[in-house]
Chemist: 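Encoded as structure tokens, here's the structure I'll be asking about.
Keep in mind it's a predicted model, so treat the numbers as computed, not measured.
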Amino acid sequence: NNPFYYIDPDGNKDLAIAAMSYKVRDNNSFKARAIRTGFEYIAPYNGSEFIQGLVDNSSKGDPLKNIAIFSHGYSSGIIMESFAGLYNEMPFISFFVPKSRSLGRLNSLIKSGEIQFGEGSKIYLMGCNLASGDFAIQLAEITGAEVIASKGSVSPEIKMMKDKKGNNTPVETGRFTSDGQWVSIKS
């Protein structure tokens with residue numbers, strides 16, 4: 001496994017996003033990971049709420065600096081509840097799932113000033129395969145942020161730790177591993 005420490009905060013507005021999943025059983029884990037970052041966090045259920053969360057947490061006086069996104073993903077984007085996610089292009093499913101959003105929508109809100117990213121911003125994508133296609137590349141180009149993502153499956157590192165009774169208990173370490181390569185993409 002190829003470990004990656006997911007957060008190195010360095011100022012301004014830090015935001016964690018627990019993208020609510022089509023796999024409902026994973027939602028509590030995504031929320032717990034977002035909370036553990038110590039960042040303000042949001043838990044959007046679809047691409048529309050995701051984009052609105054960025055608008056609500058961004059301003060000229062307090063631009064977004066570090067964003068950690070805990071989600072399911074694939075090469076074309078972040079998969080959310082009912083497949084209403086955030087995609088590099090609007091897939092055919094968007095016809096049936098109107099709350100999906102594209103990176104094109106994000107780009108228009110950045111250009112209009114409704115979403116602001118600070119100098120040296122970083123976006124950490126903790127979903128599978130988000131760097132195996134164009135999604136992470138386009139996200140870096142649109143936001144001007146450095147995007148860190150994996151070309152393979154992503155999972156939290158689990159270690160056995162002793163609980164208060166001395167029993168071995170599996171505990172997430174805060175590190176993420178991938179069976180693929182972690183990449184850093186800069187615009």
Chemist: Mark yes or no for whether S58, through its side chain, and V55, through its backbone, hold a donor-acceptor pair below 3.5 Å.
Modeler: no
Chemist: Give a yes or no on this: more than 12 heavy atoms of other residues, nucleotides or ligands lie within 6.0 Å of atom CG of D163.
Modeler: yes
Chemist: Under the side chain to side chain donor-acceptor pair (under 3.5 Å) test, which residues partner E172, sequence neighbours left out?
Modeler: R33, R36
Chemist: Step by step, work out the side chain to side chain contact (heavy atoms under 4.5 Å, CB included) result for I123 and N66.
Modeler: CA-CA 6 Å; I123 301 173; N66 294 295; over 6 Å; no
Chemist: Under 4.5 Å between any side-chain heavy atoms of L54 and L109, yes or no?
Modeler: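 No, every pair of side-chain atoms sits at 4.5 Å or beyond.
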Chemist: Testing the basics here: between E49 and A43, what is the closest heavy-atom pair and its distance to 0.1 Å?
Modeler: OE1-O, 4.5 Å
Chemist: For a quick test of reading the model, state the closest non-hydrogen atom pair linking F39 to A16 and the distance between them.
Modeler: CB-N, 3.8 Å
Chemist: Are side-chain heavy atoms of F70 and F176 found at a separation under 4.5 Å?
Modeler: yes
Chemist: Flag the pair P44 / I17 as yes when at least one side-chain heavy-atom distance between them is below 4.5 Å, and no otherwise.
Modeler: yes
Chemist: Walk me through it: do I67 and F117 pass the test side chain to side chain contact (heavy atoms under 4.5 Å, CB included)?
Modeler: CA-CA 10 Å; I67 301 175; F117 284 85; 3.5 Å; yes
Chemist: Using residues 134-144 as the side-chain source, report each donor-acceptor pair under 3.5 Å to any protein atom, sequence neighbours left out, with the distance given to one decimal.
Modeler:
from : atom 1 : to   : atom 2 : distance (Å)
T143 : OG1    : L139 : O      : 2.7
T143 : OG1    : A145 : N      : 3.1

Chemist: Taking side chain to side chain donor-acceptor pair (under 3.5 Å) as the test, write out the residues that go with S71, two or more places apart.
Modeler: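 Expected list: none.
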Chemist: Would you say that L125 contacts I148 through its side chain, given a criterion of any heavy-atom pair below 4.5 Å between the two side chains?
Modeler: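 L125 vs I148: side chains apart.
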Chemist: Less than 4.5 Å apart, side chain to side chain, heavy atoms only: is that true for V183 and Q181?
Modeler: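 Yes; the side chains approach each other to less than 4.5 Å.
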Chemist: Considering residues at least two apart in sequence or located in another chain, which fulfil the side chain to side chain donor-acceptor pair (under 3.5 Å) criterion with D26?
Modeler: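 D26 satisfies side chain to side chain donor-acceptor pair (under 3.5 Å) with H72 only.
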Chemist: So, the side chain of T173 versus the backbone of R175: is there a donor-acceptor pair under 3.5 Å, distance only?
Modeler: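 Indeed, once roles are kept as given, a pair shorter than 3.5 Å links the two residues.
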Chemist: Provide the closest heavy-atom pair for Y22 versus F83 in the form atom of the first, atom of the second, distance.
Modeler: CD1-CZ, 3.8 Å
Chemist: Evaluate the side chain to side chain contact (heavy atoms under 4.5 Å, CB included) criterion for residues K162 and T169: first the C-alpha distance (whole Å), next the side-chain angles of each, then the deciding distance (0.1 Å), finally the verdict.
Modeler: CA-CA 6 Å; K162 299 279 186 195; T169 304; over 6 Å; no
Chemist: Given the rule in the side chain to side chain contact (heavy atoms under 4.5 Å, CB included) test, do I78 and I69 qualify, once you have shown the distances and angles that lead to the verdict?
Modeler: CA-CA 9 Å; I78 296 169; I69 303 171; 3.9 Å; yes
Chemist: Using the side-chain contact (heavy atoms from CB on, under 4.5 Å) criterion, which residues pair with K186? Sequence neighbours excluded.
Modeler: E146, S184
Chemist: For G85, does its backbone N or O pair with a side-chain atom of N46 as donor and acceptor, under 3.5 Å?
Modeler: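 Between the backbone of G85 and the side chain of N46 there is no qualifying donor-acceptor contact (under 3.5 Å).
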Chemist: When you measure from the side chain of T37 to the backbone N and O of A68, does any donor-acceptor pair fall under 3.5 Å?
Modeler: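 Checking the backbone N and O of A68 against the side chain of T37, no donor-acceptor pair under 3.5 Å is found.
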Chemist: In Å and rounded to the nearest 0.5 Å, what is the OG to CG distance from S108 to L103?
Modeler: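 Interatomic distance, S108 OG to L103 CG, rounded to 0.5 Å: 11.0 Å.
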Chemist: Once rounded to the nearest 0.5 Å, what's the spacing between atom NZ of K99 and atom CG of L86?
Modeler: 15.5 Å
Chemist: By side-chain contact (heavy atoms from CB on, under 4.5 Å), which residues pair with E81, not counting sequence neighbours?
Modeler: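 Expected list: Y45.
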Chemist: Find the distance between OG (S121) and CD (Q116) and round it off to the nearest 0.5 Å.
Modeler: 10.0 Å
Chemist: Among residues two or more places apart or on two chains, list those pairs meeting salt bridge (charged side-chain N to carboxylate O under 4.0 Å, His left out) that have a residue in residues 38-47.
Modeler: K13-E40
Chemist: I'd like to know if the side chain of N57 and the backbone of G53 have a donor-acceptor N/O pair within less than 3.5 Å.
Modeler: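 Between the backbone of G53 and the side chain of N57 there is a qualifying donor-acceptor contact (under 3.5 Å).
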Chemist: Testing the 3.5 Å rule here: is there a donor-acceptor pair between the side chains of T177 and E157?
Modeler: no
Chemist: Starting from V171, walk the hydrophobic network (Ile, Leu, Val, Met, Phe, Trp, Tyr; side-chain heavy atoms closer than 4.5 Å) and list everyone else you reach, by chain and number.
Modeler: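 ILVMFWY cluster around V171 also holds M161.
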Chemist: What residues form a side-chain contact (heavy atoms from CB on, under 4.5 Å) with I35, not counting sequence neighbours?
Modeler: Y41
Chemist: Test of understanding: with side-chain contact (heavy atoms from CB on, under 4.5 Å), list the residues that count as partners of N129, not counting sequence neighbours.
Modeler: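 Per chain and number, N129 pairs via side-chain contact (heavy atoms from CB on, under 4.5 Å) with S132.
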Chemist: Does D56 have any side chain to side chain donor-acceptor pair (under 3.5 Å) partners at least two apart in sequence or in another chain, and if so, which?
Modeler: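 Scan of D56 (side chain to side chain donor-acceptor pair (under 3.5 Å), adjacent residues dropped) gives Q52.
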Chemist: Write out all pairs satisfying salt bridge (charged side-chain N to carboxylate O under 4.0 Å, His left out) with one or both partners inside residues 107-121, taking only residues at least two apart or from two chains.
Modeler: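 Salt bridge (charged side-chain N to carboxylate O under 4.0 Å, His left out) check on residues 107-121 returns no pairs.
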Chemist: Tell me the closest heavy-atom pair linking P170 and I158, and the distance in Å.
Modeler: CB-CG2, 3.6 Å
Chemist: Within the structure provided, determine whether Y74 and C128 are in side-chain contact (heavy-atom separation under 4.5 Å).
Modeler: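 Side chain of Y74 against side chain of C128, heavy atoms only: no contact under 4.5 Å found.
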Chemist: Taking all atoms of both residues into account, what is the closest heavy-atom pair of Y87 and I79, and its distance?
Modeler: OH-CA, 4.2 Å
Chemist: Between D179 and S153, which heavy-atom pair has the shortest distance, and what is it?
Modeler: OD1-N, 2.7 Å
